[in-house]
Amino acid sequence: MSLNVGFVGTGGFTRFHCNLLAKMDDVNIQAFCATSLDKAERAAAEWNGAQGYDSIHAMLDGTKLDAVYICVPPMAHGEAERALIERGIPFFVEKPVGIDLVLPSALLESVQAKKLVTSVGYHFRYMDSTQRALSMLGERTIGMGLGYWMGGMPRVPWWRKQDGSGGQFIEQTTHIVDLMRYTMGEAVEVYAAYGSRVMHLVEEGVTTPDVGTVTIKLASGAVATLSNTCILPGGGRIGLHLYTDQGVMELTNESLKDTGKSTVFEYRNQTNPYVRAHEAFLHAVRTGDTSGILSPYEDAVKTQAIAVAALRSAQAGAPIRLA
């Protein structure tokens, strides 16, 4: 079954996803929606037969689409999702699903009412290393997790605005929050401390914190600490360390390193997790079988709830219990 696919957003991630989808059988890139017709038409010009539109409604009226990818900044969610839900069109949306919990919770109710096929771009779940870690954790007890996203500030204006990105923990470190949930289980309490140390002094218009540490209590009794910064001038580090009764498991975006009492094994990723995420979503669109989708919208809202609770905790200076 050939699928006609559209995109909302024309940034780097849209191009990235398009290049992957173009290599898949029976996937046709048909339409692009952007904040201006010029941007949409420029994106469409790269794909044979594709059309550009300046609104989601015009795109859905003008092209028959089987699925839509939403690749927009955090503050721009809402209109596209509502239009797709109303028409019953499955969608894949890049993380995070918003800058707060209000909009995602409302959208979730509509998604559930329509029983709509959805997927959210938490690609760490699809890594070979993550799946191997899960299989090994069945015979281990996790005591604690230490996660981190350490790097620099992305060079896009909305990212440095609190009302644009939601802050680094919501926009970026959400990947590590989600990986923690996936490997360690659900959270019950969050306590965060954020600070502004550098970026507001060297860049214009910065309203987001540039350092932060979040302590999380899990339902299992385990604890986790996730930290991030965007002050580094060069490269950084991204990952999650799981401390277990049989040693330390280090998950990064490249591999799983398993350090035991007297052994060290490393398992490097062999397949592209983004491709696996696309395959699972498109299979569900074709067949209705959603078993391969590892992060549907409903699950992603749980990750969002932790990230938003961390922001609330940092603002209040007090722990936040999760519902």
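These figures come from a predicted structure and were not determined experimentally.
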Flag yes if more than 12 heavy atoms outside [X] fall under 6.0 Å of its [atom1] atom; otherwise flag no.
X      : atom1 : value
Asp26  : CG    : yes
Lys257 : NZ    : no
Lys217 : NZ    : no
Arg15  : CZ    : no
Arg268 : CZ    : yes

Quiz prompt | Worked verdict on Met180 versus Leu218 for side-chain contact (heavy atoms from CB on, under 4.5 Å) | solution = CA-CA 10 Å; Met180 178 206 71; Leu218 299 158; 4.1 Å; yes
If only atom types and distance count, is the side chain of [X] paired as donor or acceptor with the main-chain N or O of [Y] below 3.5 Å?
X      : Y      : result
Thr173 : Ile176 : no
Arg286 : Met1   : yes
Gln304 : Gly98  : yes
Asp258 : Phe265 : no
Asn269 : Met127 : no
Gln246 : Glu139 : yes
Arg42  : Gly52  : no
Ser119 : Phe92  : no
Tyr122 : Lys95  : no
Gln30  : Lys64  : no

Practice problem: Check step by step if side-chain contact (heavy atoms from CB on, under 4.5 Å) holds for Arg125 and His175. | Solution: CA-CA 9 Å; Arg125 293 188 175 213; His175 275 302; over 6 Å; no
Considering only heavy atoms from C-beta outward, does the side chain of [X] approach that of [Y] to under 4.5 Å?
X      : Y      : value
Met249 : Leu256 : yes
Ile142 : Thr244 : yes
Ile306 : Val214 : no
Gln162 : Pro209 : yes
Arg82  : Leu103 : yes
Ser227 : Met150 : yes
Arg181 : Lys302 : yes
Leu84  : Leu60  : yes

Is there a path from [X] to [Y] through hydrophobic residues (I, L, V, M, F, W, Y) whose side chains come within less than 4.5 Å of each other?
X      : Y      : value
Leu294 : Phe91  : no
Ile70  : Leu116 : yes
Ile89  : Ile293 : no
Met184 : Tyr243 : no
Leu311 : Phe169 : yes

Closest approach of [X] to [Y] (non-hydrogen atoms, all atoms of both residues):
X      : Y      : value
Pro74  : Ile99  : CB-CG2, 3.5 Å
Ile216 : Val190 : CG1-CG2, 4.5 Å
Leu251 : Ala133 : CD1-CB, 4.1 Å
Pro273 : His123 : CB-O, 3.4 Å
Val198 : Ile231 : CB-CG2, 3.9 Å
Ala44  : Phe32  : CA-CD1, 3.6 Å

Exercise. Quick one: list whatever passes side chain to side chain contact (heavy atoms under 4.5 Å, CB included) with Met24, sequence neighbours left out.
Key: Leu21, Val27, Val275, His278, Glu279, Leu282
Quiz item: Only one of Leu179, Leu146, Leu240 forms a side-chain contact (heavy atoms from CB on, under 4.5 Å) with Leu226, so which one is it?
Solution: Leu240
Quiz item: Among Val93, Thr14, Val72, whose side-chain contact (heavy atoms from CB on, under 4.5 Å) with Val8 holds?
Solution: Val72
Would you say the side-chain atoms of [X] and [Y] include a donor-acceptor pair closer than 3.5 Å?
X      : Y      : result
Asp289 : Ser291 : yes
Glu171 : Trp159 : yes
Asp210 : His200 : no
Thr208 : Tyr194 : no
Asn28  : Asn4   : yes

Going from [atom1] on [X] to [atom2] on [Y], what distance comes out if it is rounded to the nearest 0.5 angstrom?
X      : Y      : atom1 : atom2 : answer
Asp61  : His57  : CG    : NE2   : 9.0 Å
Tyr148 : Ile238 : OH    : CD1   : 9.0 Å
His17  : Cys71  : NE2   : SG    : 4.5 Å
Arg321 : Ser313 : CZ    : OG    : 12.5 Å
Glu266 : Glu250 : CD    : CD    : 9.0 Å
Asp178 : Thr303 : CG    : OG1   : 3.5 Å

Quiz item: Going through the distances and angles, do Met153 and Val206 end up as a side-chain contact (heavy atoms from CB on, under 4.5 Å)?
Solution: CA-CA 10 Å; Met153 179 171 282; Val206 176; 4.0 Å; yes
Quiz item: Would Arg276 count as a cation-pi partner of Tyr126, with NZ or CZ less than 6.0 Å from the six-membered ring centre and within 45° of the ring normal?
Solution: no
Quiz item: Parallel, tilted or perpendicular: which fits the ring planes of Phe13 and Phe16, with parallel below 30° and perpendicular above 60°?
Solution: perpendicular
Exercise. Take Ile56 and Glu79 through the test side-chain contact (heavy atoms from CB on, under 4.5 Å) and record every step on the way to the result.
Key: CA-CA 8 Å; Ile56 180 67; Glu79 183 180 14; 3.9 Å; yes
Exercise. Step through it carefully: locate the ring centre of Phe124, locate the ring centre of Tyr182, and say whether they are under 6.0 Å apart.
Key: no
